[in-house]
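Next up is a structure, given as structure tokens.
Computed from a prediction, not measured in an experiment: that's the story for all the values here. The chains referred to below are lettered A, B, ... by the order of the sequence lines, with proteins before strands, and numbering in each begins at 1.
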2 protein chains.
Amino acid sequence: MLHLTISQGDGTPIYAQLVQQIKTLIATGRLKPDGELPSVRQLAQQLVINPNTVVRTYRELETEGLVYKKRGAGTFVSAEVTPYTEEVCREILGKRLDVLIVEGINMGFDKTQLINLLQDRWKALEQTKQEEEGD
Amino acid sequence: MLHLTISQGDGTPIYAQLVQQIKTLIATGRLKPDGELPSVRQLAQQLVINPNTVVRTYRELETEGLVYKKRGAGTFVSAEVTPYTEEVCREILGKRLDVLIVEGINMGFDKTQLINLLQDRWKALEQTKQEEEGD
DNA sequence: TAAAGTGTATTACACTATCGATACAGTGAT
DNA sequence: ATCACTGTATCGATAGTGTAATACACTTTA
């Protein structure tokens with residue numbers, strides 16, 4: 001059973017929380033390509049939310065090419081990670097980096113500090129992956 | 001007069017677009033500490049939007065400590081950039097970096113590529129700053 | 001003090017997002 | 001064919017968001 005949690009009442013929508021968590025699971029390899037995700041109803045029951053909310057989560061992930069669905073069978077992690085060209089990926093990530101950089105500068109960070117932070121976070125993310133694999 | 005533009009009809013709210021643009025102007029030094037921003041009414045007229053939308057923009061910026069307001073006088077760029085401790089800043093930026101890293105991994109980027117992208121964008125941002133100063 | 005500028009507060013309203021209830025449709029094992 | 005499982009589609013209640021209209025209060029300048 002997947003480690004998924006939601007915080008109700010928090011401003012962020014349930015489906016968005018789930019999208020982010022599942023993305024992380026995929027990125028860190030805890031959800032393998034062609035691995036099956038919980039069914040819409042099962043996950044809904046597990047989290048005590050409406051099946052439609054799970055549907056929306058999966059649709060969002062499908063739009064980004066991270067999962068594919070087989071009607072009547074289930075929802076699975078995509079083997080090919082992304083439907084975008086590398087050029088488009090650079091553009092998307094670049095724009096998001098821009099606003100992050102601006103925040104950083106306004107908070108008094110310099111380039112080196114930001115890069116260090118990035119490296120720390122990357123390491124931490126891989127760390128959690130290792131620990132999970134110890135299951 | 002500030003170079004501010006908005007795209008109506010685009011999903012992103014006007015006030016959010018303005019917040020981001022003004023943040024960039026501050027981060028790149030094109031708006032100097034204690035420099036005065038356009039008045040609520042003036043900017044509203046310039047962009048053909050409601051003054052309240054500008055009010056919201058400025059309030060957002062004030063909450064983050066980037067500007068301060070003098071009732072009856074105007075809105076100004078803060079001298080001290082941020083009201084947060086470095087620890088809190090790291091936390092905020094770190095969380096945002098986490099989701100960006102996950103996106104990056106899912107798009108097939110490795111750590112080096114992401115750092116390179118970060119450096120490129122940082123350089124580009126400083127570039128535009130230089131150009132503006134040539135006015 | 002008067003005028004003309006500043007930001008503030010209140011109210012209204014259209015629009016959208018979010019989530020739930022419920023009925024439908026495809027798939028696969030028996 | 002049937003059953004039990006998948007995902008799908010549609011509708012609606014509700015709350016929240018984004019923007020506007022308009023009247024208010026403070027400051028500065030003359």
My understanding is that only residues two or more places apart in sequence, or in another chain, count here; which of them pass side chain to side chain donor-acceptor pair (under 3.5 Å) with B/Asp98? A/Arg121
To the nearest angstrom, how far is A/Lys69 atom NZ from C/dA25 atom C1'? 15 Å
So, using side chain to side chain donor-acceptor pair (under 3.5 Å) as the criterion, who are the partners of B/Arg96 when residues are at least two apart? A/Glu103
Taking atom C1' of C/dT6 as reference, at what distance in whole Å does atom CD of B/Glu62 sit? 14 Å
I want to confirm an ordering. Mapping B/Arg59 and B/Glu36 to their closest nucleotides on DNA chain C, which one lands closer to the 5' end? B/Glu36
Show the distances under 3.5 angstrom between N or O atoms of the protein and N or O atoms of nucleotides 24-30 of chain D.
residue	atom	partner	partner atom	Å
D/dC26	O4'	B/Arg71	NE	3.1

Residues which pass side-chain contact (heavy atoms from CB on, under 4.5 Å) with B/Val40, listed by chain and number, not counting sequence neighbours: B/Pro51, B/Val54, B/Val55, B/Tyr58
If you link I, L, V, M, F, W and Y whenever their side-chain heavy atoms are under 4.5 Å apart, who else ends up in the same group as A/Phe76? A/Tyr68
Residues forming a side-chain contact (heavy atoms from CB on, under 4.5 Å) with B/Ser7, sequence neighbours excluded: B/Asp10, B/Gln17
Pairs under 3.5 Å (N/O, protein and nucleotides 19-22 of chain C):
residue	atom	partner	partner atom	Å
C/dC19	OP1	A/Ile14	N	2.8
C/dG20	OP2	A/Asn50	N	2.8
C/dG20	OP2	A/Thr53	OG1	3.2
C/dA21	N6	A/Asn52	ND2	2.0

Backbone of A/Thr5 reached by a side-chain donor or acceptor of A/Gln21 within 3.5 Å: yes
Below 4.0 Å: OP1/OP2 of D/dG7 and any side-chain N or O of A/Thr75: yes
Rounded distance in Å - CG (A/Leu43) to C1' (D/dC5): 16 Å
Across all chains, not counting sequence neighbours, the salt bridge (Lys or Arg N to Asp or Glu O under 4.0 Å) partners of B/Arg90 are A/Asp120
Whole-Å distance between D/dT19 C1' and B/Tyr58 OH? 17 Å
Measure from CG on A/Leu18 to P on C/dT18 and round the result to the nearest Å. 13 Å
Sequence neighbours excluded, the answer for side chain to side chain donor-acceptor pair (under 3.5 Å) partners of A/Gln113 is none
What N/O pairs connect the protein and nucleotides 12-16 of chain C at under 3.5 Å? Give each pair on its own line.
none

Cluster partners of A/Val48, using ILVMFWY side-chain heavy atoms under 4.5 angstrom, listed by chain and number? none
Examine the side chains of B/Thr28 and B/Arg30 and answer whether a donor and an acceptor come within less than 3.5 Å of each other. yes
With sequence neighbours left out, write down each residue that passes side chain to side chain donor-acceptor pair (under 3.5 Å) with A/Lys69, or none if nothing qualifies. A/Glu62
Quick one: B/Glu60 CD to C/dT8 P, roughly how many Å, whole number? 14 Å
